[in-house]
2 protein chains.
Amino acid sequence: MKLSTKGRYGLRAIIDLALNSENGNAVCIQSISERQNISESYLEQLVRKLRTEGLVKSVRGAGGGYELARPAEKISVGDVLRALEGSIEAVSCGDDEGCCDQADLCVTRLVWDRVNKAIEGAVDTVTIAQLVEESRKKQCMGKVDTKSCAN
Amino acid sequence: MKLSTKGRYGLRAIIDLALNSENGNAVCIQSISERQNISESYLEQLVRKLRTEGLVKSVRGAGGGYELARPAEKISVGDVLRALEGSIEAVSCGDDEGCCDQADLCVTRLVWDRVNKAIEGAVDTVTIAQLVEESRKKQCMGKVDTKSCAN
DNA sequence: TTAAACTTGACAAAAATAGTAGGATATGAT
DNA sequence: ATCATATCCTACTATTTTTGTCAAGTTTAA
Ligand code: FES
Ligand code: FES
């Protein structure tokens, strides 16, 4: 029941992206890579996927990079994870492909449905914007020499 | 974010076990294997683990098998999954081993905590007894030639 | 023109999963 | 006794997934 690095790195990446692109400029892979300490090539794959799924958009050429495709308030953690992992279901007792012989009598599906719904509820109710704000608060507490920190 | 066959098969196995051992007799691996259509050898591994984790107990020798170590009401789905999977956490941003550089500033932990709690809530509030009962209901509706079906 | 940056596809090492095989041990039945 | 039935245990292997890497492009601001 583990979330792979795709989802873990990807979420960190898009938060980093949101955090560093608020003045309207694009953020390049390299800078994310350095701040988050994730391989540049690997990160590229992940961000590419976020782009094809419509969560971020790219600005090509020199001085380019990536920025959010829509406001951070409109992007949930669930959006990000689904984009990267394909599906966030713990078990997809699926429909056509019966995972066990008597799928119609199988009571474990009741459990998997509960679990899937619980997970979705947890990730769909948190937005990138909220995490960005939390991140700011922590930074504020972390850095003692920050002048602009109004308490 | 997939649950492995260990958890999926294992839950079906213990439900089968509970369902077929209510008259007090032990249930052997072979019979579970046939009913659930899971490899005997593989199933053995799983049930053995359930035993070492104290969820079922074994009766050795001819005519032996397995039975629940305690009443089905006292065994939750979470107990079973944890026994088989080790941990059901989606992400274990753990403690000593910092999964990212600035673990103390990392806001993704907030998300993973939410997800983990959601999962635990989902699996810890369902007991094997409840599933057994559901299973009975379904069987009852499924089999038209069952004499003993009141209603 | 040049260098910064994205774009793409193929590839590969490493880890986890899923399942097998074969024997040892215990015990009820004959 | 001994045999059949069943758990017990370890080790091994094949497959798949994960986790990346690499190299050769393309686009565009400066
Ligand atoms: S239908 Fe999916 S495990 Fe039974
Ligand atoms: S502390 Fe686990 S991802 Fe940051």
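Given the structure is predicted, the values throughout are model-derived calculations rather than measurements. Here is the naming used below: chain letters follow the sequence lines, and residue numbers restart at 1 for every chain.
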Provide, to the nearest angstrom, the distance between the NZ atom belonging to A/K49 and the C1' atom belonging to D/dG20. 15 Å
If the cut-off is 4.0 Å, is B/S58 near the phosphate of D/dA6, judged by side-chain N/O to OP1 or OP2? no
Look at the side chain of A/T5 and the backbone N and O of A/R8, then say whether any donor-acceptor pair between them is shorter than 3.5 Å. no
Run the numbers on A/K138 and B/C106 for side chain to side chain contact (heavy atoms under 4.5 Å, CB included), then give the verdict. CA-CA 9 Å; A/K138 290 209 177 191; B/C106 184; over 6 Å; no
Close approaches to DNA chain C from residues 39-48 of chain B, in residue order (heavy atom, under 4.0 Å): B/S39, B/S41, B/Y42, B/Q45
Options D/dA6, D/dA29, C/dT27, nucleotide nearest the side-chain atoms of B/A62: C/dT27
Is there a donor-acceptor pair closer than 3.5 Å between any side-chain N or O of B/N116 and the backbone N or O of B/W112? yes
Please determine if a side-chain N or O atom of B/Y66 lies less than 4.0 Å away from the OP1 or OP2 oxygen of D/dC8. yes
Take atom CG of A/L84 and atom C1' of D/dT18, then tell me their distance rounded to the nearest Å. 14 Å
Going by the side-chain contact (heavy atoms from CB on, under 4.5 Å) test, name the single residue among B/L19, B/V126, B/V132, B/I15 that passes it with A/V107. B/I15
Rounded to whole angstroms, how far apart are NZ on B/K2 and P on D/dT15? 23 Å
Nucleotide C/dA5, atom P - distance to CD of A/E34 in whole Å: 10 Å
Between B/S4 and C/dA16, is there a contact of a side-chain N or O with OP1 or OP2 at under 4.0 Å? no
C/dT7, OP1 or OP2 - any side-chain N/O from A/R51 closer than 4.0 Å? yes
Judged by nearest nucleotide, the residue sitting upstream toward the 5' end of DNA chain C, A/V59 or B/L3, is A/V59
Quiz question: by atom type and distance under 3.5 Å, do the side chains of B/T52 and B/R48 form a donor-acceptor pair? no
Testing the basics here: between A/D79 and A/L55, what is the closest heavy-atom pair and its distance to 0.1 Å? O-CD1, 3.6 Å
Out of C/dT25, C/dG19, D/dG25, which has the shortest distance to the side chain of A/R60? D/dG25
Show the nearest heavy-atom pair for residues B/S92 and A/K2, with the distance to one decimal. OG-CE, 4.3 Å
Separation of atom CG in B/N25 from atom P in D/dT5, rounded to whole Å: 18 Å
Nucleotide D/dC9, atom P - distance to CD1 of B/I29 in whole Å: 13 Å
Just compare C/dT27, D/dG20, C/dT7 and give me whichever is closest to any side-chain atom of A/T5. D/dG20
Nearest-Å distance, NZ (B/K6) to P (C/dA16)? 10 Å
